[in-house]
Structure formats: structure tokens, C-alpha cells
Chemist: 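There's a structure below that I have some questions on.
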Amino acid sequence: MRLLGLTLGEIATLIGLLGGGFSGIMFLFKSIVIAPLKSSIDSLEKTVAIFSRQLEESKADRQTLHQRINKIDVRVTVLEEHDKWEGTHRNGGQHEQ
């Protein structure tokens, strides 16, 4: 029996060759394109995770720093008010200018 001028054996061989060629092309595509992309994406995910962790640590450090600055600001304000009060009482109740 012939189909398009080819015997069944020739058609089966042609399908096998095309399937094998397609499989080879897919293997090459995976190894040349997909594998490096996957490796790059994995590396990027690790970098983003590290950056995110460092950002959280930085946020905690900034919060601690702000708390320290606020405490120092309160102390300075108290000292300034004390200096004003002391200056007022030294000069017999008159404000310094």
C-alpha cells in the first residue's frame, strides 16, 4: 500500500526521523537556552532573598537608631530648658537675650 507515493515502512521511518530530530532539537534547546535561564533565575532568587533579609535587618537598625536619636533629643531639650531656667534665676529673674 502506498500513501503519497511512499510505502508504510517509509512513512514510519520518516515519522521516526522527524520525531528523533524534534527530540534532539528540544534537548539542545533545553541545554542551551532553558538550563542557563533556570540557573540565572535561581541565582536571582537567592540574591533577592539575601537583599530582602538585609533590608529587614537595616530596617531594625534604623528603628534602633531613631529611638536613640529621640532619647538624645529629649535629653538635649531638657538641658536647654534647664539652662534657660538657670540663666533666668542667676540674673535675678530677667531673661537673657
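Just so you know, these numbers use all the heavy atoms, side chains as well, and skip hydrogens, waters and symmetry mates. Just so you know, residue 1 is the first one in the sequence shown, and it goes up from there. Worth saying up front: this structure is predicted, and the values here are computed from it rather than measured.
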Chemist: Could you check whether any side-chain N or O of Ser39 sits under 3.5 Å from a backbone N or O of Ala35, counting only pairs where one atom can act as donor and the other as acceptor?
Modeler: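 Judged by distance alone, no pair lies under 3.5 Å.
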Chemist: So which of Leu18, Leu17, Thr13, Ile11 actually passes side-chain contact (heavy atoms from CB on, under 4.5 Å) with Ile15?
Modeler: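 The option that passes is Ile11.
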Chemist: Val48: which residues meet the side chain to side chain contact (heavy atoms under 4.5 Å, CB included) condition with it, sequence neighbours left out?
Modeler: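 Val48: side chain to side chain contact (heavy atoms under 4.5 Å, CB included) contacts with Leu44.
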Chemist: In the hydrophobic clustering that connects Ile, Leu, Val, Met, Phe, Trp and Tyr at side-chain heavy-atom distances below 4.5 Å, which members other than Ile41 occupy its cluster, ordered by chain and number?
Modeler: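 Taking Ile, Leu, Val, Met, Phe, Trp and Tyr as members, Ile41 stands alone, with no cluster partners.
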Chemist: Listing request: all salt bridge (Lys or Arg N to Asp or Glu O under 4.0 Å) pairs with a residue in residues 43-61, at least two apart in sequence or in separate chains.
Modeler: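 Sorted result for residues 43-61: Arg53-Glu57.
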Chemist: Mind jotting down which residue pairs meet the salt bridge (Lys or Arg N to Asp or Glu O under 4.0 Å) criterion with at least one end in residues 23-38? Sequence neighbours excluded, please.
Modeler: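 Pairs touching residues 23-38 that pass the test: Lys38-Asp42.
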Chemist: Determine yes or no for a side-chain-to-main-chain donor-acceptor pair under 3.5 angstrom, with Glu10 supplying the side chain and Thr7 the backbone.
Modeler: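 Yes; at least one donor-acceptor contact below 3.5 Å.
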Chemist: Anything under 3.5 Å between a donor and an acceptor, one on a side chain of residues 19-26, the other on a protein residue two or more places apart or in another chain? List them.
Modeler:
from	atom 1	to	atom 2	distance (Å)
Ser23	OG	Gly19	O	3.0

Chemist: Apply side chain to side chain donor-acceptor pair (under 3.5 Å) to Arg62 and list each qualifying residue two or more places apart in sequence or on a separate chain.
Modeler: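 For Arg62, the residues satisfying side chain to side chain donor-acceptor pair (under 3.5 Å) (neighbours in sequence not counted) are Ser58.
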Chemist: Spell out, as yes or no, whether a donor-acceptor pair under 3.5 Å connects the side chain of Thr77 to the backbone of Asp73.
Modeler: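 Checking the backbone N and O of Asp73 against the side chain of Thr77, a donor-acceptor pair under 3.5 Å is found.
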Chemist: Is there a path of hydrophobic side-chain contacts, each under 4.5 Å between heavy atoms of I/L/V/M/F/W/Y residues, joining Ile34 to Ile32?
Modeler: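 Both belong to a single hydrophobic cluster.
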Chemist: Does Arg68 have any side chain to side chain contact (heavy atoms under 4.5 Å, CB included) partners at least two apart in sequence or in another chain, and if so, which?
Modeler: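 For Arg68 the side chain to side chain contact (heavy atoms under 4.5 Å, CB included) partners, ignoring immediate neighbours, are Thr64.
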Chemist: Of all the heavy-atom pairs spanning Ser31 and Pro36, show the shortest one and how long it is.
Modeler: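 Scanning both residues completely, I find the closest heavy atoms to be O-CD, 3.7 Å.
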Chemist: Through direct or indirect side-chain contacts below 4.5 angstrom among Ile, Leu, Val, Met, Phe, Trp and Tyr, which residues connect to Leu65?
Modeler: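 Ile69, which link up through side-chain heavy atoms under 4.5 Å apart, make up the rest of the cluster.
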